[in-house]
Structures are given as structure tokens and as C-alpha cells.
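All remarks here apply to the structure that follows.
Note that the structure is a prediction, hence the values are computed from the model and not measured.
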Amino acid sequence: MSSLLHRAFLLPFLCFCLLDCRVRAKVELTMDESVEVYLSDSAEISCQYNFTDTGSKPSFVMVQWFVRGEGNISRKRIFYGDGSQQVVDEDTDYSGRIEVASDEQGTRLLIQDVQLSDEREFFCQVNGLVAGNAEGKTHLRVFAPPQAPVIEGVSSGISATNEMPSKVASCEVRNGFPKPNITWYRNKEPLASTPGQVNVLILVTRESSGFYSVQSTLEYKVAREDKDARFSCEVSFFMPRAIRTSESQSVNVTVHYPTTMVELWKESPQGLVKEGDTVELRCQGDGSPPPPFIFNRAQEPDVDLESRGDDLILPSVSRKDSGLYQCRPLDSEGQTDVKGEVQLTVHYLDAAVVVPKDSEVMQKGEDLTASCNALSSLKTSTVWYKDGRQVGHGNTLHLHDASYDASGEYVCEVTVPSLPDLHTSGSVHIIVQGGPQLVGVEQEVQLEEATGRMVNLSCEALGHPLPSISWNIVGSQNWYEVLSRANEHMTHSVVSVKVSSDISALCNASSNMGAQVKAFSIKAIPRVTTPAPFSPAEGSGVIIVVIILCLLLLAFLGSVIYFLHKKGKIPCGRSGKQEITKEKTTKDDIVVEMKTNAKTEEAVLLKAVNGDKKGPSDQEGGSGSDAERLVCQWIPTRRRLQTAVALVFRVNTCRSGTGSPPPPRRLPQGQDAQAP
């Protein structure tokens with residue numbers, strides 16, 4: 001009973017002591033208001049404490065860590081410890097993920113692999129018993145950057161005539177923490193919500209993983225000025241000690257608006273248009289999308305022309321296609337002033353009209369005026385031609401004092417200088433009528449020609465109708481016509497006459513319009529033959545040249561035979577050699593022998609060279625054939641031939657001097673020539 005009273009007394013006393021100490025002791029505790037950390041990183045929360053109003057540091061200090069529970073109503077301890085033990089509470093979200101380090105200045109809570117659920121308040125409680133106690137808290141903030149924003153514009157066009165804002169684009173950002181924000185931009189300028197002009201609809205989704213996904217829809221009242229506008233969205237999100245942004249790509253939306261202006265022009269051909277061209281007219285307006293167009297002519301506004309989209313094709317146009325063309329868009333909603341216009345002018349050039357027409361007959365010496373005109377929408381130029389040669393310029397051609405040369409076809413060519421593809425032509429055939437007119441100024445032609453020669457006489461006459469030509473020739477029966485031709489206004493005749501005596505010839509040109517005569521007088525000249533003069537010096541010179549050439553040929557043949565003899569190709573008997581040695585070697589003897597026996601010796605030499613075969617008796621060693629004997633006789637004469645050539649040159653020199661030596665005597669056969 002006494003012990004119970006003691007305990008009952010002790011408990012209030014301790015409480016009193018504690019209350020008294022709390023009043024007197026004080027604990028100062030310092031913690032950060034918040035700590036920011038990336039998802040999956042490690043977080044450190046510091047708790048610094050200090051005891052005041054005490055004489056010494058308390059011997060017993062207990063530290064406990066708590067975390068705010070879900071719903072922010074209750075809290076749960078996750079750690080406690082004193083100087084003797086450190087205990088992490090089990091069965092909590094932080095079992096195995098936290099560590100606590102303590103020293104004299106305080107304690108630090110280290111959280112590993114921070115999760116999104118760790119974003120909450122952490123409490124630090126310090127109890128020093130009689131020294132006092134205190135408690136502080138820190139809010140742990142966890143950050144996870146979201147994915148890049150994705151923007152998507154509407155695929156269909158938006159009409160500018162809508163009275164209320166229309167959906168333009170949507171922007172979505174996923175898996176961010178904390179919740180990201182989205183801002184819209186038009187051409188880099190931010191868009192704020194404006195009633196009747198800009199509406200922004202935001203949808204925030206909390207994923208099962210704890211991340212936030214935000215989807216924003218932009219509704220905008222478009223105008224025709226927005227056809228080229230670029231829309232984009234920007235996402236801003238919080239990060240440790242910073243705010244970051246990420247911008248999406250820009251999109252353009254199709255804006256539909258009615259046509260308010262139309263233009264019509266000629267696409268082809270370039271330049272002026274002529275009859276026969278294919279014309280293409282093109283119409284274009286400022287509406288979106290481009291509307292189809294209706295084409296018509298201003299002269300016939302109720303008649304629609306067949307077109308293809310914004311093109312009007314006019315094939316092979318003519319002058320009747322000229323006029324004012326119009327095009328109107330189908331989306332003009334009855335606005336008659338929304339149209340395009342272009343003036344089309346089709347140029348033309350009619351066929352040339354020539355007066356007189358086709359052909360005209362006029363008398364020689366008369367004047368004639370011809371005209372050529374062609375109706376055209378442009379200024380024309382006219383040129384006259386005859387036989388490919390320009391004979392006039394302008395619409396009128398004047399012929400004065402017409403001659404037969406004026407007859408023929410005259411062609412007028414009409415062109416348009418500003419449009420060279422336009423051209424036409426016409427012609428007129430002029431016939432100059434009159435009596436015959438002989439070509440040539442002489443009415444009488446006088447000639448001289450040798451007897452026996454053939455002479456050609458030519459006669460040419462002009463006129464219409466075409467004259468005929470006849471010949472009357474006196475003094476020769478041997479004549480005939482070698483040429484007779486005619487064209488539309490000229491006759492030409494040529495006769496060939498043999499001159500045997502004086503001749504008189506008349507060319508008669510006649511037609512039903514008259515006649516004209518041209519006379520030819522040929523005087524015959526007898527032929528005289530004169531023999532050509534003969535010059536002895538020239539004759540002898542020719543003879544000497546021939547002799548020299550023959551001697552040179554014989555000398556060459558002798559050298560060949562001598563060479564063959566030395567080689568043993570031509571054997572010679574002893575008797576033959578004796579005959580050769582007995583002959584005299586005078587120069588005169590050589591000359592006489594050359595002249596008398598040249599043919600025979602040359603034949604012998606040629607026969608030997610040609611290789612005539614020997615007879616059986618010759619092969620056995622007899623005196624040899626006659627040809628061999630002659631050849632053997634000619635072998636030693638090689639030197640004599642050279643001497644003879646020199647003698648002939650000396651004789652020629654003497655003949656070319658003042659005196660001429662007497663001609664050489666022809667000796668009887670078998671006698672020797674004597675020196676002079």
C-alpha cells in the first residue's frame with residue numbers, strides 16, 4: 001500500500017519536474033522548407049538542432065523521423081534512435097531505402113531511389129528529456145520532365161465565314177511531374193483566351209504511374225489572313241530550382257474563304273492572235289479552295305462556254321471569235337462584280353485581189369496600171385515580183401511604154417509586218433501584143449570567112465502572136481537549120497552554112513501583125529598554104545642528139561656484155577680473139593663501122609642478151625656460133641664506143657661554130673676510113 005502511494009506520488013513529481021524543466025530548457029531546430037530532387041535520384045533532408053538554457057549537453061537525446069501519410073491527415077514514423085541504437089521501422093514505404101546519420105550538430109535523412117510518392121512532408125523530432133524537445137518539417141518535391149509536346153492540326157479546311165471559333169489544333173504532353181502547362185502561339189505570338197475569338201480547352205490526366213498528361217485544344221476564329229499563319233504550342237514544366245520549356249513544331253491550317261477578286265488573261269499563244277490559232281484563256285481568283293469558273297462572252301452573257309476548270313480553250317479561232325471574254329467564280333454567291341475580263345482580237349488577212357484579173361493583153365508601147373489589195377485587220381505591205389525579181393512596191397504597179405520584155409506573170413505578195421505569219425499573194429499575166437521584133441541592134445551583119453568553113457547564123461525574134469522565122473540564102477546550096485526553139489513570146493533559129501563563095505542570107509520574121517528582115521553578108525576568102533621554113537642548123541642538131549642517144553645505148557649494152565664475158569658467161573675462141581687484136585683502133589674506123597653495121601650488131605647483141613642456146617657442136621668446144629663470135633668481137637670495142645661519143649660531141653661543136661666541116665664521106669664497103 002505504501003509502495004502504491006509512493007508510485008502515485010512519484011509520477012506527478014516527475015511530471016512536475018519535466019514541466020518545470022520544459023519551462024526552463026529550450027531546443028533550437030533548423031530544417032529546410034523544401035528539398036527538390038529528380039525522380040530516381042537520392043534525396044537528403046537535414047535536421048540541425050541545438051540545446052539552449054542548459055548548462056551542459058543532455059546525456060540522452062532521442063531523434064525520430066516521421067512522414068505525412070496519405071490524405072495529409074496522419075503521419076507515420078519511419079525511424080527512431082538515440083545514442084545507443086538506430087532503428088528503421090519496418091513495414092513502411094521506406095524500409096530498406098533510407099539511412100540516418102547523426103552527429104553533435106544534427107541528423108540527416110538520406111532517401112534513395114526517390115519515387116513520385118515520396119513527394120510529401122518529412123518530420124524530424126528531437127527529445128532531450130529535461131533538456132527539452134522540438135520538431136520541424138521539410139517538404140520533399142520530386143520532378144520528372146515530360147515528353148516532347150505533340151501538335152496536330154485539323155485536316156479539314158476551316159471556313160472563314162464561321163461565326164464562332166473553330167478547332168484549329170490540339171497539343172498533348174505526356175508523363176510529366178508535376179503537372180506541366182501548355183501555351184498556344186500564332187506566328188510566335190502567344191494567344192490568350194478571348195471570348196468569341198480564342199478558346200483553350202485543357203484536359204489533365206493523372207496516369208496510374210503518378211505522372212501527369214495534359215491535352216490542350218485551341219479553338220480559333222480564322223480569317224482569310226490566317227491562310228499562311230503558323231500555329232504552335234509550348235510546354236512549361238518545373239525542375240529543381242528552374243522552370244523549363246519545350247516548343248512543338250508549327251502547323252498550318254487550310255482556311256476556306258470566298259473569292260473576292262478574279263483575273264482573266266490569255267495564256268497562249270504569245271503575242272498577236274491570227275486566224276487558225278488555238279487560244280487558251282486562264283482564269284484565277286483569290287478564293288480558297290480555288291473555285292470552278294464559268295466563262296462567257298460579254299456579247300452573250302447568258303451563254304456559258306464549255307471550259308475545263310480554270311481554262312477555256314478556243315480551237316482554230318476566226319475573226320468572229322473576237323470580243324470581250326469574262327469568267328465568274330461559282331462561290332461568288334451572286335456578286336456580279338466579282339469577275340475577270342480580257343479582250344481577244346483575232347487578226348486576219350484576206351486573199352489578195354488583183355486588177356486586172358488573171359491576164360491582160362496590151363499593145364506594145366502602151367501604159368498599164370495594175371493594183372493588188374488584201375483586206376486585213378493590221379497594216380500590210382505589198383511587193384511585186386516578176387521571174388523572182390522585185391519590180392515594184394506598193395499596192396499599185398505601173399508599166400510605161402511596154403515592150404516585149406514586159407510580158408510575163410506578175411506576182412504581188414501581201415504581208416503583215418507586225419505578224420509575219422499572215423501573208424497572201426495574187427498574180428496577173430501581162431501579154432504585150434505587136435509585130436515581130438528582131439533581137440540585136442544590127443539590121444545587116446557582114447562577115448569574112450575562109451572558103452570551105454561552116455558558119456552558124458543566128459536569128460531571134462520577139463512578138464505576139466509568136467512570129468515564124470524563114471531563111472533565104474543565096475550563094476550556097478550546102479546549108480541546114482541546126483536549132484529551132486520558141487517560147488510564149490520569142491522564136492530562135494540557127495542555120496549552119498558552108499562557105500564556098502560570097503553568100504547573102506536573109507532572116508524573115510513574120511506574123512499577122514507584120515514582118516521584119518535581118519540580112520547577113522559573108523565574104524569568102526581563099527585559103528593560102530605556106531610551107532614551114534627549114535633550118536639546117538636545127539635539123540643537124542636533132543640528128544646529133546639522136547646519134548648521141550643511140551651511142552649511149554650501145555655503150556651500155558657493151559658494158560653489160562663485157563661484164564658477162566669476164567664472169568665466164570660468154571666463152572670466146574682463140575681465133576676470135578686473134579681477129580679482134582688485128583683490127584685497127586682508129587677513131588675513123590669506129591665511126592664507119594657504126595654507120596654501116598649498126599643494125600646487124602645491135603641484133604647480135606640483143607640475141608646474145610636474150611640467151612639463145614648453143615648447138616651441140618658449140619657445147620663440145622668448137623669455134624662457137626656466129627652470134628658468139630660477133631659478141632666476142634664487140635667486147636674489146638667498149639673503149640672505142642667511148643671515143644666515138646667524144647668525137648661526135650666534137651663534131652657538133654664544130655657545126656655550132658663559124659665554120660662547118662665537110663660532111664663525112666661514105667666509103668665503099670670493105671675500105672678503111674682515112675683521117676681528114
**Prompt:** Would H492 and S484 satisfy side chain to side chain donor-acceptor pair (under 3.5 Å), going step by step from the backbone distance to the final call?
**Reply:** CA-CA 6 Å; H492 187 200; S484 177; over 6 Å; no
For [X], enumerate each residue passing the salt bridge (Lys or Arg N to Asp or Glu O under 4.0 Å) test, keeping only those at least two apart in sequence or located in another chain.
X: R453; value: E449
X: R282; value: E280, D311
X: D321; value: none

**Request:** Considering only NZ, NE, NH1 and NH2 on the basic side and carboxylate oxygens on the acidic side, decide whether R186 and D226 come within less than 4.0 Å.
**Result:** yes
**Request:** Could you tell me whether K274 and D421 make a salt bridge, using a distance below 4.0 angstrom between a side-chain N and a carboxylate O?
**Result:** yes
**Item:** Partner set under ring-ring contact (aromatic ring centres under 6.0 Å, His included) for F231, not counting sequence neighbours
**Value:** Y220
If you count every heavy atom of other residues, nucleotides or ligands that lies below 6.0 Å from [X] atom [atom1], does the total exceed 12?
X: E163; atom1: CD; value: no
X: M454; atom1: CE; value: yes
X: Q477; atom1: CD; value: no

Looking just at side-chain N and O atoms, do [X] and [Y] make a donor-acceptor pair shorter than 3.5 Å?
X: H423; Y: T415; value: no
X: S496; Y: N456; value: yes
X: T369; Y: H398; value: yes
X: E481; Y: S493; value: yes

Expected output: side-chain [X] to main-chain [Y] donor-acceptor under 3.5 Å:
X: S166; Y: N162; answer: no
X: K386; Y: R389; answer: no
X: R297; Y: Y325; answer: no
X: S377; Y: Y348; answer: yes
X: N478; Y: K498; answer: no
X: E366; Y: Q363; answer: yes
X: W384; Y: G394; answer: yes

Tell me every residue that passes side chain to side chain donor-acceptor pair (under 3.5 Å) with [X], counting only those two or more places apart in sequence or in another chain.
X: S322; value: none
X: E263; value: none
X: Q326; value: N296, E341

**Message:** Would K364 and Q437 count as a side chain to side chain donor-acceptor pair (under 3.5 Å) here? Give the steps.
**Reply:** CA-CA 11 Å; K364 181 183 176 184; Q437 177 183 339; 2.5 Å; yes
Give the table of side-chain donor-acceptor pairs shorter than 3.5 Å for residues 405-412, with sequence neighbours excluded, one pair per line with atom names and distance.
| unit_1 | atom_1 | unit_2 | atom_2 | d |
| --- | --- | --- | --- | --- |
| S407 | OG | Y404 | O | 3.3 |
| S407 | OG | V432 | N | 3.1 |
| E409 | OE2 | S427 | OG | 3.3 |
| Y410 | OH | A406 | O | 2.7 |

Salt bridge (Lys or Arg N to Asp or Glu O under 4.0 Å): pairs with one or both residues in [range], sequence neighbours excluded:
range: residues 457-479; value: none
range: residues 349-359; value: R319-D350
range: residues 375-385; value: none

**Asked** Applying ring pair (Phe, Tyr, Trp, His ring centres under 6.0 Å), which residue pairs with at least one partner in residues 456-487 are found, sequence neighbours left out?
**Response** W471-F520
